[in-house]
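Notes to accompany the following structure.
Sequence lines set the chain letters: A, B, ... in the order given, protein chains first and strands last, and positions in each chain run from 1.
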Amino acid sequence: MSADRPLRVRMAPSPTGPLHIGTARTSLYNYLTARHDKGTFVLRIEDTDIARSTTEFERDIIEGLHWLGISWDEGPQVAGGDDIGSFGPYRQSQRLDRYAAEAQRLLNAGLAYRCYCTPEELDAVRREQERNHEPPRYNGRCRNLTAEERASCEKEGRQGAIRFKVEPATVRWDDAVRRDVEFDNALLGDFVIVRGDGSPLYNFTVVVDDAAMQISDVIRGEDHISNTPKQIVLYEALGYKLPRFAHIPLILNPDRTKMSKRKSQTSMDAYRQQGYLSEALVNFLGFLGWSPGTEEEIFSLDELSQRFELDKVHKGGAIFDIGRLDHLNGVYIRSLTDAQLALRLRPFLPDAADDATVLRLAPLVKERLVRLGDIGELVAFLFQADDAVASWYSAELLLPKKREGSEVGSALTVVRDTLSSLTDADWSADVLESHCRAIAERLEWKPGDLFKPLRLAITGRAVSPPLFGSMELLGRERCLARIDDALGKLQRVGVAAG
RNA sequence: GCCCCCAUCGUCUAGAGGCCUAGGACGCCACCCUUUCAAGGUGGAGAUCAGGGGUUCGAAUCCCCUUGGGGGCACCA
């Protein structure tokens with residue numbers, strides 16, 4: 001934070017794609033910094049690239065951030081909606097007149113000039129430089145055109161882009177993460193700030209807007225570090241006060257390259273749809289590149305806000321380790337009450353599941369879920385027809401090791417007959433378990449040997465939520481029917497004694 | 001090709017000259033618990049702190065070089 005002015009940070013996503021994990025993390029760091037130091041968090045939509053920007057993407061970004069629990073004090077609150085805050089508008093497409101005015105100011109001051117070079121000409125220069133092992137930069141051909149030359153270019157119909165005059169000097173800044181960074185801007189060359197068609201470019205608009213919105217701290221990804229010298233030079237030319245910069249490390253693919261759609265799942269919404277909890281994502285993202293310096297590792301958004309400090313952010317990039325996210329997600333799922341879990345599970349369950357059932361389901365699956373979306377497979381047996389469930393396993397699977405089909409058949413028959421004498425009111429996990437254990441004991445079977453075929457009959461799978469709780473949920477009628485199905489299966493294959 | 005940045009277990013990290021024969025967590029292995037699977041408990045393997053030079057009584061921690069990796073070099077953002 002700059003001690004001499006109020007802390008104002010900003011996130012400036014461009015709506016050219018769905019909310020990216022990296023954008024979410026940078027937003028989080030900005031949000032945490034603002035909350036930690038009682039500052040203001042601004043959201044600005046950088047939609048100057050009209051060809052690729054859409055309101056659908058803007059909506060995805062805004063909703064995704066809200067879902068994570070990240071809120072902003074100024075900016076659009078809903079896609080396409082009105083802005084909140086007194087430094088607006090907060091969409092760059094609505095600020096074009098300001099950029100034009102500032103560009104004109106630079107032109108008038110002789111700090112920028114029109115350049116009439118064509119893309120082909122620029123390309124040729126660049127290739128030439130590469131051949132000579134020189135840094136690629138604009139050669140300044142249009143920098144000192146005479147009035148006549150200028151007029152003749154315009155007469156030819158050439159559209160003039162506006163270039164900023166870069167004077168050779170060493171630029172340096174004290175980065176909150178990287179400390180002292182310096183750069184020789186003789187390597188820069190005069191860069192374009194406004195296209196030939198009059199539309200402004202990123203490096204120019206960020207500076208104009210960050211200054212106009214009185215941003216005190218620019219916190220962004222390390223991939224922007226080489227834009228910083230250009231921006232600093234613009235700040236100075238325009239007479240703006242410099243913000244403090246903080247370049248945070250990138251999130252990496254497993255191969256240590258910048259996280260990308262090709263190699264990783266990068267859209268936030270995809271994680272949400274798989275059933276990752278926002279709490280887990282926030283905790284996970286917070287620790288990718290930062291740690292409190294202690295051995296604590298479970299932090300809520302509020303706790304992160306209290307503890308987060310920019311100076312503790314690492315310099316090196318961090319791999320997005322999905323295994324770690326999975327672990328954290330499990331931790332957060334287990335920390336939920338049954339009612340909370342039921343509520344979150346709702347969207348992942350079929351409509352046939354009534355609220356009471358979902359609530360009773362919660363404790364059965366809580367310790368077994370990595371993602372909420374895993375619920376489907378776990379409890380499919382509850383929502384599928386009996387014959388469908390029976391089709392999931394073969395008769396052979398019903399046999400525990402060293403048990404004949406005939407034995408299993410008669411054991412299941414005993415179970416069936418015993419349980420059928422129970423009333424619906426008695427049909428509870430505890431009662432069922434004690435009956436089944438008694439049967440196993442009478443038969444002199446290991447309980448597990450009896451539970452295995454029973455589990456298969458009831459759930460259709462060898463792995464399931466706890467057997468008796470599952471039976472309680474399924475209900476007397478359907479349980480008995482499924483045991484009958486299993487018995488029938490044994491008989492049909494001829495492994496049952498009849 | 002040019003510029004910039006980074007570097008502790010496979011991964012996320014603790015570590016800001018002596019507390020480090022490098023700690024925690026995830027993952028992995030074993031055992032315990034146990035009706036399956038999980039969850040939980042206990043223990044274990046796993047990093048000569050990228051390598052090499054310095055500085056220092058003493059370096060994972062400071063300096064230099066090398067190597068490796070990454071990011072950026074647009075009339076994209």
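In this structure, CZ on A:Arg256 lies 11.0 Å from CG on A:Leu250, to the nearest 0.5 angstrom. To the nearest 0.5 Å, atom CZ of residue A:Arg10 and atom CH2 of residue A:Trp72 are 15.0 Å apart. Expressed to the nearest 0.5 Å, how far CD of A:Gln92 lies from CG of A:Asp49 amounts to 11.0 Å.
At a threshold of 4.0 angstrom between heavy atoms, the contacts of A:Leu250 are confined to the sugar-phosphate backbone, with no base atom among them. A:Arg131 comes within 4.0 angstrom of no nucleic acid atom, judged by non-hydrogen atoms across all strands.
Rounded to whole Å, the distance from NZ on A:Lys315 to P on B:U61 is 14 Å. One atom, CG of A:Asn185, and another, C1' of B:C2, lie 15 Å apart when rounded to the nearest Å. Atom CD1 of A:Ile298 is separated from atom P of B:C26 by 9 Å (rounded to the nearest Å). As rounded to whole Å, 16 Å separates atom P of B:G71 from atom NE2 of A:His247. If you take CD1 of A:Ile248 and P of B:C6, they are 15 Å apart, rounded to a whole angstrom. Residue A:Leu325 contributes atom CG, which lies 14 Å from atom C1' of B:A25 at whole-angstrom precision.
Sorted by first and then second residue, the salt bridge (charged side-chain N to carboxylate O under 4.0 Å, His left out) pairs involving residues 161-170 of chain A (not counting sequence neighbours) are A:Arg143-A:Glu167. Residue pairs meeting the side-chain hydrogen bond (donor to acceptor under 3.5 Å, both in side chains) criterion with at least one member in residues 447-459 of chain A, sequence neighbours excluded, are A:Arg455-A:Ser464.
Other residues, nucleotides and ligands contribute at most 12 non-hydrogen atoms within 6.0 Å of the CD atom of A:Glu441. Within a 6.0 Å radius of CZ in A:Arg179, other residues, nucleotides and ligands contribute more than 12 heavy atoms.
Nucleotide B:C26 is matched to B:G10 when pairs are restricted to Watson-Crick or G-U wobble geometry with both distances under 3.5 angstrom. Base pairing of B:C33: no nucleotide in any strand meets the Watson-Crick or G-U wobble criterion (both distances under 3.5 Å). Base pairing annotation: B:A16 forms no Watson-Crick or G-U wobble pair, as no partner gives both donor-acceptor distances under 3.5 Å. Across all strands shown, B:A59 forms no Watson-Crick or G-U wobble pair with both key distances under 3.5 Å.
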Mark up nucleotides 10-22 of chain B, 5' to 3', with B wherever a protein heavy atom is under 4.0 angstrom from a base atom, S wherever such an atom reaches only the sugar-phosphate, and - elsewhere. -SBSSS-------

With sugar-phosphate taken as primed atoms, P, OP1 and OP2 and all else as base, the protein-contact string of nucleotides 72-77 of chain B at under 4.0 Å (heavy atoms; B, S, -) is SBSBSB

Tell me, for nucleotides 27-41 of chain B in 5' to 3' order, what letter each nucleotide earns: B for a base near a protein heavy atom under 4.0 Å, S for only sugar-phosphate near one, - for neither? --------BBBBSS-

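For the C1' atoms, the distance linking B:U13 with B:G27 amounts to 14 Å, nearest Å. Rounded to a whole angstrom, the distance from the C1' atom of B:C49 to that of B:G17 is 15 Å. Taking atom C1' on both nucleotides, B:C20 is separated from B:U48 by 13 Å, rounded to a whole Å.
Below 30°, between 30° and 60°, or above 60°: for A:Tyr271 and A:Phe320 the angle between ring planes is between 30° and 60°, a tilted geometry. A perpendicular orientation is assigned to the rings of A:Phe299 and A:Trp290, their planes being inclined by more than 60° (bins at 30° and 60°).
Cation-pi geometry between A:Arg25 and A:Tyr29 is satisfied (NZ or CZ under 6.0 Å from the ring centre, within 45° of the ring normal). A cation-pi geometry, defined here as NZ or CZ lying under 6.0 Å from the six-membered ring centre and within 45° of its normal, does not hold between A:Lys230 and A:Tyr202. Judged by the 6.0 Å and 45° rule, A:Arg403 forms a cation-pi pair with A:Trp445.
Of all heavy-atom pairs spanning A:Asn329 and A:Gly275, the tightest one is ND2-O, 3.2 Å.
Remark: the A:Thr257 side chain and the A:Asn253 side chain contain an N/O donor-acceptor pair separated by less than 3.5 Å.
For residues 278-286 of chain A, proximity to RNA chain B is found at no residue, defined as any non-hydrogen atom under 4.0 angstrom from a strand atom.
You'll find the side chain of A:Phe57 stays beyond 4.5 Å of the side chain of A:Thr55, heavy atoms only.
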